[in-house]
Amino acid sequence: MTESVQPSLLSGFDLSTPLPGIPNMASELPVARVVIDSAVPHLDRPFDYLVPTELDAMAQPGVRVKVRFGGQELAGFLTERLEHSEPGLKLQPLRSVISPEIVLSAPVLAVARAVAERYAGGVWDVLRSAVPARMARMETQKATDSDGALEKGSVEAVDDVPLARPAPVPEDALLAEYHGGADYARLLRNGESPRAVLSAVPNRPGDWPALLLQAAEQALASGRGVLIVVPDARDLARLTSTLDERLGPEAYARLTAEDGATPRYRNFLRVARGQSQLVVGTRNAAFAPVKDLGLVIIWDDADNSHAEPRAPYHHAREVLLLRCGIENAGMLLVAPGRSAEAQRLVRSGWAHELGADRSLLRANAPRVIAASDEFEAERDPLLHAARLPAAAWREAKAALAHGPVLVQVARTGFMPALRCERCRTPARCTTCNGPLALGDARGAPACGWCGLVAHDWNCVECGFMRLRASSIGADRTAEELGRAFPNIKVVAATGAKPLHTVPDTPALVVATPGAEPVAANGYAAVLLLDGDRMLSREGLRTGEEVLNRWMGAAHLARGRDATAERPGGGTVVVAGDPTEPMRALVRFDAAAYAQTELDERRDLGLPPAVRLAMVRGPAAAADKFMDALDLGGEVRRHGPVLEGEGEHRWLLFFSYAEGPAVTAALRAMRATFSAAKEPIVAIRIDPDGIL
DNA sequence: AGCACGCCGACT
DNA sequence: GTCGGCGTGCTC
């Protein structure tokens, strides 16, 4: 706030012989350790400053500060107050404390550091995700100000609520339906921190939001905080509507970028001030400064919305894993399917599997039909155009008498790579050599790897300028289906045009994976049309991804048996050639499939049975970087692979045990190269979709 | 990205 | 002897 700098202070002070007191500086703990806002790798460490007397009171660990660094003024977080610094340093004074609000708690800083270590990235990059942008007005605003509804839950309102209410033992009936679920609930209530993985049985009362809430309530009953992370706005809306109904909107704080900077910071402040013990949100909420954290829950960790698209590309599941280690909290991974990573946690004994009886699953899961060999589809031009097998058409037709029908189609990103219309040479990106695909609704071809839009593409082989566009997106499928089902309402929901819910009336709902709207009483039928297309994509994890997307959609279907609200029961039709993922869907057993996949990866030495790092950069720099790395003999190196314009890509495979040493070595080497002004190499840890 | 410091050449 | 060229490396 107050500008503290006086000319005489700018020269700095030598604190090697500390005290007795420096004029105008705090007499107790005069040194402030600060994490500065710098993207430069070799500056990714704390720096010490002196605290001027007038900033003494506000300069608490966790506040935002401004400091002079080199020539410039930088933002930073004050992390510690110390009696003295390293000998021989000339300390500058702190320029200002931006606000007295403690926005970076000690545990969250520790988590951010662990995340930066794990991903060989900068602490500041992690903090950028962890602490939302400051909105100054939110810090001073009173509960009586303006828009009333939004202001509930501010300091005054919460202080009025008596905290010591007789706490009833929370419900755990839904959790107890799983083997070990009742024990898991009891441990949480008793203040312990159990860890579990659970594949949800569909069509139970309240569905997964009710299940997550029950788990949360166990930990809340022990007086501890709870954090729930979901992939996207749709799932958050579903969860918060359950929380609103059962606990009321004051009982939790929601943290998501989608709300906009101001509400997000308002809710963040409630959490930071300890006014909210239950936090729900999307991936960055994994860093929410929940006090006395007892349990972290992640819903659908296989959804790649959980992966941060900016450096250091951390995944919410991994953030939470590190976090529950640091804060000694329990963890619960709940999903409609099973990621190989979650299965690994079960297999290694780190987490318990809370399994369900086959009978419970059979009674609640939809009927699954594999429509594998379909000659009829070829004969009927309407069905062929909509690439609808006859069995799917029949099921949909019957189901439409009872309710809405979901049609899952592949995202355009899943389409086979585009080719030259004349010579059929695959179209590749001119900069990174990645496959081109139709990126947006207007059909501009874009690179599937780097996203670069190829405006003036021409074939490298024959020079032809037109691409073969075989892609059919959700919108076109919707049109085709409209013709195949006259008089039925058709709606399309894609990532670009999201739709969270649909009414419980007959309609065809065409959606891409992850964007499926929720039907109030479930879908009468779910058609999974593009399995072959999705499975044809190159990639180590394609089968697992496709199965998890199918399971996600299948969870939106009614149970097989008809009920009063759900006449006709629910059916899932999966079209395509018989494959392992399809068989796993028919058995409704994603865990077994994930285990098979994991075993196979272990035999092959591939992720996630092992960890992976990628180093990419200008050929000479990348090679030099790899050459300078000193890694243990157990680390497998693979490369260089030529990529794009004179770029080399290297891969490193290493065990989880070696992980910390490898990422530390990569981080240290990057700092060395950065200081030596070597060309920048990109480092990605456990990247998805490159194998 | 700025800014100090340093080693060397040109000029008072 | 002193001023200032910009090249190298550090920044609390």
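A, B, ... follow the sequence lines: proteins, then strands. Residue 1 opens every chain.
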In short, salt bridge (charged side-chain N to carboxylate O under 4.0 Å, His left out) pairs touching residues 100-111 of chain A with sequence neighbours left out are A:Glu101-A:Arg273
Partner set under ring-ring contact (aromatic ring centres under 6.0 Å, His included) for A:Phe77, not counting sequence neighbours: A:Trp124
Which pairs, protein N/O on one side and nucleotides 1-7 of chain B N/O on the other, fall under 3.5 Å?
| unit_1 | atom_1 | unit_2 | atom_2 | d |
| --- | --- | --- | --- | --- |
| B:dA1 | N3 | A:Gln72 | NE2 | 3.2 |

Could you tabulate the donor-acceptor pairs under 3.5 Å formed by side-chain atoms of residues 105-117 of chain A, not counting sequence neighbours?
| unit_1 | atom_1 | unit_2 | atom_2 | d |
| --- | --- | --- | --- | --- |
| A:Ser105 | OG | A:Val108 | N | 3.3 |
| A:Glu117 | OE2 | A:Arg667 | NH1 | 2.8 |

For residues 57-66 of chain A, which side-chain N or O atoms pair as donor and acceptor with protein atoms under 3.5 Å away, sequence neighbours left out?
| unit_1 | atom_1 | unit_2 | atom_2 | d |
| --- | --- | --- | --- | --- |
| A:Gln60 | NE2 | A:Ala57 | O | 3.0 |
| A:Arg64 | NH2 | A:Pro132 | O | 2.9 |

Span of DNA chain C engaged by chain A, first through last nucleotide within the 4.0 Å heavy-atom cut-off, is C:dC10 to C:dC12
Under the ring pair (Phe, Tyr, Trp, His ring centres under 6.0 Å) rule, what pairs show up with a residue in residues 23-63 of chain A, not counting sequence neighbours? A:Phe47-A:Phe69
Applied to residues 625-678 of chain A, the ring pair (Phe, Tyr, Trp, His ring centres under 6.0 Å) test, sequence neighbours excluded, yields A:Phe625-A:Phe673
Considering only distance and modelled atom types, tabulate donor-acceptor pairs under 3.5 Å from the side chains of residues 320-333 of chain A, sequence neighbours left out.
| unit_1 | atom_1 | unit_2 | atom_2 | d |
| --- | --- | --- | --- | --- |
| A:Arg323 | NE | A:Glu327 | OE2 | 2.5 |
| A:Arg323 | NH1 | A:Ala286 | O | 2.8 |
| A:Arg323 | NH1 | A:Ala288 | O | 2.7 |
| A:Arg323 | NH2 | A:Ala288 | O | 2.7 |
| A:Arg323 | NH2 | A:Glu327 | OE2 | 3.2 |

